[in-house]
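Below is one structure, written out as structure tokens, with a few remarks after it.
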Amino acid sequence: MMTELVLLVDAYLVDALPEIWFGAVMFSLAMYMILDGFDFGIGMLYATRDDDHEKKTFLTAFGPVWDANEVWVVAFGTMLLAAFPRVYSRVLADHYLLAIGFVLALLFRGLGPEMREQRDDERWKRYWDYSFVGGSFFAPLLFGTLAGRWIFDAPTLSMPALLTGVGLVAVSVATGAAFLAAKTRPRLASDLRMYGIIATLAYLIGAIALLTTVVVTDSGGTAEIVLSLPVGMIVVLSAVAGGGGSVLALRGKYRAWLVSALGLPALLSLLVALLLYPTIYPPTGLTVREAVVSPLALNLVTILGFPALLLVLWYFKFLYGVFSGPIEDEGYKN
Amino acid sequence: MFSTVLPDVLIQGWALQLSPELASRAQFGWTISVHIIFASLSVGLAPFIVYFTWKDVRTDDERFTRLRSFWVKVFAAGFVMGTVTGIPMSFQFGTNFPQFAEVAGELIGGPLAFEAKMAFFLEAVFLGVLLFGQERVSDQTYILSSVLVGVGAWLSAFWILIVNAWMQTPQGFEMITRNGVEVAKLTDPLAAFFTPRMPWMYIHMVNASVISVALLVAGVSAYIVWKKRDAAAWNTALKLAVIILLVTAPLQAVHGDAYGRHVADTQPQKFAAMEAHYETGTADLHLLAFPKSIDAITDPKAENLFTVSLPGVGSFLATGGDFDAEVLGLNEYEENPPVAMVFWSFRFMVGLGFLFIGLALWGGYLIYNGRLSESNRFLKTMIAASPLGYAALLTGWYVTEIGRQPWVIQGELRTSEAVSSTLNGTEATLTLVGFVVIYIGLILVALHVLRWLVEDELRELGVKVPDDDRWYGPVPKVSDDD
Ligand code: HDD
Ligand code: HEM
Ligand code: HEM
């Protein structure tokens with residue numbers, strides 16, 4: 001018994017715990033990119049609507065879930081801090097304006113829909129619409145650019161950083177369109193699928209351009225990883241998910257389209273994880289093993305945090321269960 | 001670095017540029033001050049929401065339907081504001097104080113991650129159900145959702161205060177070197193989570209949130225009752241708020257008194273600043289203090305204040321019984337916090353604390369006489385007092401946080417050492433200005449929304465409300481009807 005307690009202090013619960021935590025942090029990043037990604041997509045596609053009724057439908061799809069989705073970025077940040085404090089510090093401090101710009105974009109995105117409903121006044125509504133759309137566009141753009149800088153050790157105004165930002169915008173539009181199509185009536189859905197398909201193609205082209213640039217310039221020493229088999233498989237799978245999804249969309253199979261569209265950000269997160277392992281902070285060459293906290297701290301957050309994570313996943317199942325199915329004319333009644 | 005993107009001209013030519021340290025501190029202090037208002041609104045309003053929801057679903061009493069629907073709207077708007085101002089908070093540890101995040105990562109990372117996973121998710125998910133799901137879930141689940149939203153808010157205060165309490169009375173760690181930096185290594189989780197400060201802070205903070213919301217509820221109810229005497233729901237709400245104040249306001253003062261003793265034990269320098277006690281020796285307690293001159297405002301020392309003081313009671317308080325005990329004075333330290341801020345903030349909070357007790361007793365007396373909704377003077381006073389809970393809450397935090405300076409982790413890490421070394425003054429000033437402008441807008445929007453909700457309620461009660469767009473400030477313009 002005593003020896004076990006000592007083990008808790010002196011050694012990781014399992015030898016691979018630092019790697020497991022790297023995986024857990026990347027998992028919350030993936031959840032964020034998938035779930036808030038389609039929220040951003042809803043926000044950007046919202047700009048294409050003039051009809052107030054359709055706007056309402058969009059906001060209804062967004063309303064009950066966005067906040068829970070957004071919390072994944074807090075989970076990502078705080079889990080990064082808990083397991084790899086140095087990486088959390090450097091990533092945020094070294095990309096100061098991008099990080100602050102991102103949180104401010106989230107601020108405008110979050111306030112928009114909620115404040116819009118507070119007053120029946122055309123001008124008031126219009127400004128909050130701008131806030132919603134603008135925030136939904138800049139948040140993925142800045143988040144992606146920040147991620148690009150981090151992964152590829154590249155300046156803000158460089159192809160790898162900007163393409164990552166634009167790629168995240170495109171994939172968000174694609175998943176947003178699929179999500180909305182699955183939640184709305186056929187006429188609106190068939191109108192939205194064109195946006196979704198164009199965004200999917202843009203994303204795939206952008207991703208290829210990004211990877212090509214990276215291989216040519218060897219940004220952050222990632223060329224070798226990009227040319228490896230797993231990355232190749234991710235590219236192929238993304239093309240299949242994107243192409244297959246587009247076909248499903250054209251055939252009106254919107255739920256199936258949604259599933260394959262969500263595969264895109266999931267695969268993208270996997271790509272990020274591959275690129276960041278084991279050098280979790282390329283600018284300083286810091287590896288997962290070097291950056292990780294001591295055994296006791298990591299064991300503790302594992303024992304308390306993993307059950308909590310499972311519970312969170314259950315909440316999400318519950319939440320999406322409550323708000324499943326297409327949106328009726330009156331929305332989800334209050 | 002980004003500084004290469006921003007032209008150098010701008011960096012040198014900008015007269016108003018602040019140092020990264022000053023700008024970061026101002027930014028953190030300002031953004032948390034705004035966040036805490038909305039966060040404590042959630043913490044304090046949650047029990048009200050649970051009560052109203054439960055009554056509404058269980059009794060079909062029209063009063064509670066009204067109250068629930070009104071306060072849930074306030075809660076929802078406040079929650080969004082809390083969320084959008086909370087996310088910048090969790091990022092600023094990294095953007096502005098990365099050395100702090102790195103040094104303290106093992107100690108604060110866990111609680112912050114638990115806050116996200118155990119509290120924020122809970123709150124966000126079940127608020128979705130509470131706001132949009134009444135038709136889609138059973139009554140039980142609906143009531144449960146309101147409870148879980150509240151539990152989420154209280155848990156998030158719990159985890160974040162573990163972090164802050166550790167910063168005041170750090171323990172359960174040892175300093176080691178990792179990657180060339182001296183960082184804190186967790187050695188005793190229980191000690192690190194349950195620091196001596198934690199229970200004090202949690203009780204005082206949660207109670208402060210309830211007091212602040214009770215005052216807000218009382219103020220809004222008083223306003224509506226004043227406009228329409230027989231608004232049954234709002235008479236109920238006013239009475240409820242007064243009763244809650246009757247319990248919580250005295251509790252806060254009693255608790256705060258003991259809390260002060262604990263601060264004297266654990267952070268003597270802060271206690272000395274709270275009492276403007278410079279020379280080590282017997283400390284008097286300045287019950288009331290008035291500045292004799294401008295100097296006394298910026299640099300409070302006993303000799304430049306008119307004070308009503310209890311001789312030796314400072315010592316008595318600090319030690320719990322000894323009038324002659326020696327209390328360490330500020331002159332013992334090389335570097336002190338800005339004494340004036342701490343000294344006056346403390347007096348402001350305590351003064352308001354006693355004011356709230358007075359208001360509660362007045363209201364209690366009126367309830368006893370059955371005249372609660374008849375006294376115009378009481379109603380108007382409550383309307384004017386509605387934002388004061390937040391004033392006390394903020395100044396209390398200024399005592400805690402500014403009183404801890406120059407340390408960010410008491411005795412371990414200075415705030416100046418915690419600031420980002422890669423941040424330049426231009427970037428820091430730029431974002432500070434951005435946060436100030438945007439958050440002022442946010443507060444104005446929040447006040448407008450509250451006003452519109454109140455006006456809608458009045459309209460539904462049949463009171464004529466002018467449909468203009470002007471904002472007169474938190475105290476409504478008085479028409480001559482009393
Ligand atoms: C409605 C708000 C409110 C009211 C009426 C009071 N307080 Fe308070 N006080 C707070 C809200 C607050 C706070 C903002 O919530 C603080 C900051 C940190 C904390 O734990 O609570 C605080 C901190 C705080 C501290 C600790 C400072 C530190 O940690 O360094 C002391 C000694 C007191 N208070 C004492 C009092 C006394 C003697 C009161 C007498 C009436 C009082 N408070 C009323
Ligand atoms: C919620 C109410 C709070 C308020 C109103 C508040 C206010 C402030 C203020 C005004 C300062 C600046 C002090 C100075 O520079 O002289 C400060 C510092 C600081 N506080 Fe708090 N604080 C609060 C809670 C917290 C919590 C919960 C944490 C941590 C979890 C925290 C972490 C810090 C840190 C890291 C600093 C140092 C940076 C700085 O000096 O600005 N604060 N706080
Ligand atoms: C005493 C101080 C604090 C208390 C009591 C508190 C409490 C809360 C509460 C109740 C919420 C839920 C939103 C709401 O209901 O308004 C919230 C949101 C949030 N807070 Fe704070 N907070 C404090 C300080 C901080 C600090 C210092 C940080 C930074 C680490 C922080 C980070 C956040 C974040 C990220 C959110 C958003 C969560 C979401 O998206 O739902 N808070 N806070």
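Sequence lines set the chain letters: A, B, ... in the order given, protein chains first and strands last, and positions in each chain run from 1.
- Closest of all the heavy-atom pairs between B/Leu186 and A/Ala297 is CD2-CA, 3.8 Å.
- Annotation for B/Met118 and A/Leu304: closest pair CE-O, 3.7 Å, computed over non-hydrogen atoms.
- Heavy-atom distances place the side chain of B/Val181, and not its backbone, under 4.5 Å from chain A.
- Here the straight-line distance linking atom CG of B/Leu430 with atom CG of A/Leu97 works out to 6.5 Å at 0.5 Å rounding.
- In this structure, no portion of B/Ile176 lies under 4.5 Å from any heavy atom of chain A.
- Options B/Ser421, B/Gly110, B/Ala113, B/Gly105 differ in how many heavy-atom pairs under 4.5 Å they form with chain A, and the most are formed by B/Ala113.
- With a 4.5 angstrom heavy-atom cutoff, A/Leu104 touches chain B only via side-chain atoms.
- The environment of A/Phe138 atom CZ is sparse: at most 12 non-hydrogen atoms of other residues, nucleotides or ligands sit within 6.0 angstrom.
- Atoms OH and NZ, on A/Tyr315 and B/Lys117 in that order, are 12.5 Å from each other to the nearest 0.5 Å.
- Counting non-hydrogen atoms of other residues, nucleotides and ligands closer than 6.0 Å to OH of A/Tyr127 gives a total of 12 or fewer.
- Nearest heavy atom pair, residue A/Val322 against residue B/Arg136, reads O-NH1, 2.8 Å.
- In this structure, CD in B/Glu455 is found 7.0 Å from CZ in A/Arg119, a value given to the nearest 0.5 Å.
- A/Trp124 places a side-chain heavy atom less than 4.5 Å from the side chain of B/Val445.
- Contact count against chain B (heavy-atom pairs under 4.5 Å) is highest for A/Trp72 among A/Trp72, A/Phe102, A/Phe108.
- When the shell of 6.0 Å around CD of A/Glu122 is examined, it contains 12 or fewer heavy atoms from other residues, nucleotides or ligands.
- In terms of non-hydrogen atom pairs under 4.5 Å with chain A, the most contact-rich of B/Gln99, B/Glu106, B/Lys185 is B/Glu106.
- If you measure heavy-atom distances from B/Val125 to chain A, the contacts under 4.5 Å come from both the backbone and the side chain.
- Of the atoms belonging to A/Val312, it is side-chain heavy atoms, and not backbone ones, that fall under 4.5 Å from chain B.
- When each of B/Ala104, B/Ala116, B/Ser420, B/Ala192 is checked for heavy-atom pairs under 4.5 Å with chain A, B/Ala116 comes out on top.
- Taking CD of B/Gln92 as the reference point, atom CD1 of A/Ile100 lies at 5.5 Å (rounded to 0.5 Å).
- Nearest heavy-atom pair across A/Leu296 and B/Pro189 is CD2-CD, 3.9 Å.
- The closest side-chain heavy-atom distance from B/Phe193 to A/Leu300 is below 4.5 Å.
- Chosen from B/Asn96, B/Val137, B/Leu107, the residue pairing most often with chain A at heavy-atom distances under 4.5 Å is B/Asn96.
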Does the side-chain contact (heavy atoms from CB on, under 4.5 Å) test come out yes or no for B/Phe91 and A/Leu106, once each step is laid out? CA-CA 12 Å; B/Phe91 276 68; A/Leu106 283 185; over 6 Å; no
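- For a residue to count as touching a neighbouring chain, one of its non-hydrogen atoms must lie under 4.5 Å from one of that chain's; by this rule A/Met79 touches chain B with backbone and side chain alike.
- Among the residues in residues 284-291 of chain A, those with a non-hydrogen atom closer than 4.5 angstrom to a non-hydrogen atom of chain B are A/Leu286, A/Glu290, A/Ala291.
- Nearest heavy-atom pair across A/Val74 and B/Ser90 is CG1-OG, 4.3 Å.
- Between B/Met81 and A/Leu111, the shortest heavy-atom contact is CE-CD2, 4.1 Å.
- Only the side chain of A/Trp66 comes within less than 4.5 Å of a heavy atom in chain B; its backbone stays farther off.
- B/Glu115 has its side chain out of reach of A/Thr78: every pair of non-hydrogen atoms, C-beta onward, lies at least 4.5 Å apart.
- Note: A/Leu80 CG to B/Leu112 CG = 12.5 Å, rounded to the nearest 0.5 Å.
- Note that CZ of B/Phe121 and CH2 of A/Trp314 are 15.0 Å apart. Values are rounded to the nearest 0.5 Å.
- Taking 4.5 Å as the heavy-atom cut-off, the residues of residues 81-90 of chain A that approach chain B are A/Leu81, A/Ala82, A/Pro85, A/Arg86, A/Tyr88, A/Ser89, A/Arg90, ordered by number.
- Within the 4.5 Å cutoff, the side chain of A/Leu319 has heavy atoms near those of the B/Val129 side chain.
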